[in-house]
Protein chains: 2
Amino acid sequence: MGSADDQGGQEPPGRRGEVNLQAIAGRAGVHVSTASRVLRQTEPARGWSAPAQRVIAAAAELGYRPNRLASSLRTRRSNTIGVVMPRLGDTVIASICQAVESAARAAGYQLLLTTPPDEMGAQLEAVDFLLSRRVDGLIVSSLHLSSQIPRLTNLSVPIIATNRHPGDWLPAVVADDVEGGRLATEHLLALGHRRIGVVAGPRHASTAVERVAGFRLAHEQRDLPVDEALVVHTDFEVEGGVVGAHTLLSLADPPTAVFAVNDTAAIGVMGAARQRGMRVPDDLSIVGYNDIAVVAQLPTPLTTVHSPRATMGAVAVERLLAAIGGGEPDGAVLPVSLVVRSSTAAPLR
Amino acid sequence: MGSADDQGGQEPPGRRGEVNLQAIAGRAGVHVSTASRVLRQTEPARGWSAPAQRVIAAAAELGYRPNRLASSLRTRRSNTIGVVMPRLGDTVIASICQAVESAARAAGYQLLLTTPPDEMGAQLEAVDFLLSRRVDGLIVSSLHLSSQIPRLTNLSVPIIATNRHPGDWLPAVVADDVEGGRLATEHLLALGHRRIGVVAGPRHASTAVERVAGFRLAHEQRDLPVDEALVVHTDFEVEGGVVGAHTLLSLADPPTAVFAVNDTAAIGVMGAARQRGMRVPDDLSIVGYNDIAVVAQLPTPLTTVHSPRATMGAVAVERLLAAIGGGEPDGAVLPVSLVVRSSTAAPLR
DNA sequence: TTGTAGGCGTTATCAT
DNA sequence: ATGATAACGCCTACAA
């Protein structure tokens, strides 16, 4: 007996010392390259040859798991999509992420995910990280407006933005946030509101900025002015909604309605209204944005704008895969719709 | 002139044709192994040698990104944690995920994430997938109770469950769900409720099952019987809460309070109450579970049990890394606490 | 300190 | 159809 150490024929598969092609080739009495070929082929018309059958049997017995690191190294394809998705704790982001995962999985791709802080530095680092893992393409969900162009342009793999877009220089799959903001605002204007506050979210997020642009557009279309004191910038969290609402409702001439650029903040606005003893919608109308699952069942169901998160993730993957396949990546703007519930009504006076 | 094709000295970094160690070694006039060493060293006490400086300069100029696929293949460590996390769209899960990511990142690890459907078959497939990517360890968030032991036991890398546990055979980092259920129920019992309904979630999730066990325990401790008709199983979604509540409230002798095993379903219960014209807490007390951000600001702020999601993710990573480092993986049960808000009160009669 | 050689597990290109 | 061989990019003894 020699001192060979990979001869243990009846290793319980799964101990240290991974089962590799060499092991199964040895057991099947064929060459490694044969084993490789057999395991990657589909059954030929005339059935498996005898050696091929032995290979397949050996692989099953040993619990062979191909080492994708090695195969990716060799083939230069990882079948992995890199995803940069800050703020995963937010339902909206998480559901985009899940849609991305499903679509990727259906196409035979896996996700390499990072959830860096919502800052450009951290996001660029994340991109570097993913690139060094040789992902086949990148989906980035939360780029800031006017981000550094050079760092993300001309990468070695296709990249596509989603949820937010950083400007026109990168293809992006996003929802029609301007139209959404317009719809929300026009709904309130049509009800007769003339002083509408906006919990406007952060200035670096295209989603927030464009929903506010839609707010302005709605006023413009009716030749109404916008009082800038009614636009307060915050973050996307519940607490931001609370603080923003208190700011608005403390004004000398407070709004009769508030448009929050996301549902979470809208719930914060509801909280602030409750704290002040105001009834919704009697004393204050509220419109949110996104139509997350819970808002339909709140004690006061929320009027909101439905954003197509699942579609967004799926389309982003679809476009990215097309780009990986060769073409230029292509963006998309998805339609949104208003969902009227019970948090909005005509102003009392 | 030979036919060498990797001599293009002034490639714009980032085109196809990745920059590798050989390229930078060539440019710096040193051997590949030297380049490798230099780039992985920290600056020696007496500063960089001249060749080392050239290596560093070349790497910077060419925008060198080490190929982690190759280095992982060689070193047999990927610095990657595989994560199986179904139901990412749920805030609770997503925040665990984010906590896992932060902790992993802080330790120099990346996540390879999958969000398969919440079924054991899909989850086991996901594990296989991750293992073939040679992750250094696994975190699995949603195993079903009494899952197949053999498939997940004796893997080639450490594995740890979190959020839910599948039984005693796998180390798990979870919250004290029995105690949480007991706290919620005891709160209602102490208020004087004697018919308490439970929106009990799915039977395969330890979280749901143990919160219900806590519900029973609270009754036991007061020598009160549990009416099984008051325990209705559902899923974790809003709609499950709506349906479950309608079932309960349609009983001949309906409950005066409902404990929903998660906040999302509790909001569904609120919705059902509203649909029936019942006031919360006057006509119906409601307790949720998890203390997700929005419930504190609802028009009727929700009494709930706070679950330590961020801690859970962090501890899971910590334990996993310890196991990767050599030891046996070790589970943990984290404490929970009751948060009393406005959705609970003494029964009217 | 730097160079040399061999190999991680897989696949592609040959020749047989 | 199968076998031999080289190479993907990097790392690590070991030798100079």
Side-chain angles (χ1 to χ4, degrees), chain A residues 5-6 16-56 58-59 62-79 131-134 136 156, chain B residues 4-6 16-56 58-59 62-79 131-136 156:
Chain A
D5 66 328
D6 55 5
R16 295 279 168 175
E18 293 288 332
V19 184
N20 57 17
L21 274 181
Q22 175 161 322
I24 84 147
R27 182 178 246 256
V30 299
H31 194 267
V32 184
S33 62
T34 308
S36 171
R37 235 177 307 116
V38 166
L39 291 177
R40 231 150 1 77
Q41 259 169 194
T42 94
E43 174 153 13
R46 254 214 284 317
W48 297 111
S49 69
Q53 289 181 354
R54 293 201 306 276
V55 166
I56 292 169
L62 265 42
Y64 172 62
R65 269 192 259 271
N67 185 329
R68 307 276 176 215
L69 256 44
S71 68
S72 295
L73 177 62
R74 182 62 232 243
T75 61
R76 298 160 158 292
R77 303 203 70 240
S78 61
N79 274 276
L131 252 19
S132 75
R133 284 302 205 284
R134 294 305 186 264
D136 294 335
S156 54
Chain B
D5 65 328
D6 56 6
R16 296 281 168 174
E18 293 288 330
V19 186
N20 57 17
L21 274 182
Q22 176 161 321
I24 84 152
R27 183 180 246 255
V30 300
H31 193 269
V32 183
S33 64
T34 308
S36 170
R37 240 177 303 119
V38 167
L39 291 178
R40 228 154 359 75
Q41 258 170 195
T42 92
E43 174 154 14
R46 256 216 281 316
W48 297 111
S49 68
Q53 289 181 353
R54 294 201 305 277
V55 167
I56 292 169
L62 266 40
Y64 173 62
R65 266 191 262 270
N67 185 330
R68 307 275 176 215
L69 256 44
S71 65
S72 295
L73 178 61
R74 179 61 231 246
T75 61
R76 297 159 159 289
R77 302 204 70 240
S78 62
N79 274 276
L131 251 19
S132 75
R133 286 300 208 282
R134 294 305 186 264
V135 295
D136 294 335
S156 52

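Everything numeric in this text was worked out from a predicted model, so none of it was measured. Quick note on labels: first sequence line is chain A, next is B, and so on, each numbered from 1.
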Legend entry - Between C1' of C/dA12 and CG of A/Leu39, the distance in whole Å: 16 Å

Legend entry - Minimum-distance nucleotide (side-chain atoms of A/Leu73 versus D/dT5, D/dC11, D/dC8): D/dC8

Inset, instruction - Return the value, rounded to whole Å, for the distance between atom CD of B/Gln41 and atom P of D/dT12. - result: 12 Å

Legend entry - Value in whole Å for how far the P atom of C/dT11 lies from CG of B/Leu69: 13 Å

Inset, instruction - Examine the side chains of B/Arg40 and B/Ser36 and answer whether a donor and an acceptor come within less than 3.5 Å of each other. - result: yes

Inset, instruction - To the nearest Å, give me how far apart CZ (B/Arg37) and P (D/dA13) are. - result: 12 Å

Inset, instruction - Classify the side chain of A/Arg74 and the base of C/dT10 as holding, or not holding, a donor-acceptor pair under 3.5 Å. - result: no

Legend entry - Distance, rounded to the nearest Å, where A/Ile24 contributes CD1 and C/dG9 contributes P: 14 Å

Legend entry - Options D/dC11, C/dT11, D/dG9, nucleotide nearest the side-chain atoms of A/Arg76: D/dG9

Inset, instruction - Ignoring the backbone of B/Tyr64, work out which of D/dC10, D/dC11, D/dA6 is nearest its side chain. - result: D/dC10

Legend entry - Reported CZ-to-CG distance for the pair A/Arg76 and A/Asp136, which is rounded to 0.5 angstrom: 12.0 Å

Legend entry - Closest to side chain of A/Val32, choosing from C/dG3, C/dT11, D/dG9: C/dT11

Inset, instruction - Provide the closest heavy-atom pair for A/Leu21 versus A/Ala35 in the form atom of the first, atom of the second, distance. - result: CD2-CB, 4.0 Å

Legend entry - Gap separating the OG atom of B/Ser72 from the CZ atom of B/Arg133, nearest 0.5 angstrom: 12.0 Å

Legend entry - B/Trp48 versus B/Gln41, closest heavy-atom pair with distance: CH2-O, 3.6 Å

Legend entry - Spacing between A/Gln22 atom CD and C/dG7 atom P, to the nearest angstrom: 11 Å

Legend entry - Nearest to side-chain heavy atoms of B/His31, which nucleotide of D/dC10, D/dG3, C/dG3: C/dG3

Inset, instruction - Give the rounded distance in Å between these two atoms: CG of B/Asn20 and P of D/dC11. - result: 12 Å

Legend entry - Gap between atom CD of A/Glu18 and atom CZ of B/Arg134 - 0.5 Å precision: 4.5 Å

Inset, instruction - Indicate the atoms forming the closest heavy-atom contact of A/Leu62 with A/Arg27, along with that distance. - result: CD1-NE, 3.3 Å

Inset, instruction - Give a yes or no on whether a donor-acceptor pair under 3.5 Å exists between the nucleobase atoms of D/dG9, that is its base, and the side chain of B/Arg65. - result: no

Inset, instruction - Between B/Gly29 and A/Pro66, just flag the one whose closest nucleotide in DNA chain C comes earlier from the 5' side. - result: B/Gly29

Inset, instruction - Ignoring backbone atoms, test whether A/Arg40 places a side-chain nitrogen or oxygen under 4.0 Å from the OP1 or OP2 oxygen of C/dT11. - result: yes

Legend entry - Residues from residues 47-56 of chain B lying under 4.0 Å of DNA chain C - heavy atoms: B/Ser49, B/Pro51

Inset, instruction - Looking only at side-chain atoms of A/Leu21, point me to the closest of C/dT11, D/dC10, C/dG3. - result: C/dT11

Inset, instruction - Calculate the interatomic distance between B/Arg46 atom CZ and C/dT1 atom P; express it in whole Å. - result: 7 Å

Inset, instruction - For B/Ser71, answer base if it contacts any base atom (sugar-phosphate contacts may also be present), sugar-phosphate if it contacts only those atoms, and nothing otherwise; contact means non-hydrogen atoms under 4.0 Å. - result: sugar-phosphate

Legend entry - Where A/Val19 and A/Tyr64 come nearest, the two heavy atoms and their spacing: O-CD1, 3.5 Å

Inset, instruction - Can you figure out which of C/dT10, C/dG3, D/dG9 approaches the side chain of B/Thr34 most closely? - result: C/dG3

Legend entry - Check: B/Thr34 side chain, B/Val30 main-chain N or O, donor-acceptor pair, under 3.5 Å: no

Inset, instruction - Give one of base, sugar-phosphate or nothing for A/Ser33, where a contact means two heavy atoms less than 4.0 Å apart. - result: base

Inset, instruction - Give one of base, sugar-phosphate or nothing for B/Pro44, where a contact means two heavy atoms less than 4.0 Å apart. - result: nothing

Legend entry - Proximity to the side chain of A/Asn67 - top-ranked nucleotide from D/dC10, C/dG3, C/dG9: C/dG9

Inset, instruction - Would you indicate, yes or no, if C/dT11 has its OP1 or OP2 atom less than 4.0 angstrom from a side-chain nitrogen or oxygen of A/Ser36? - result: yes

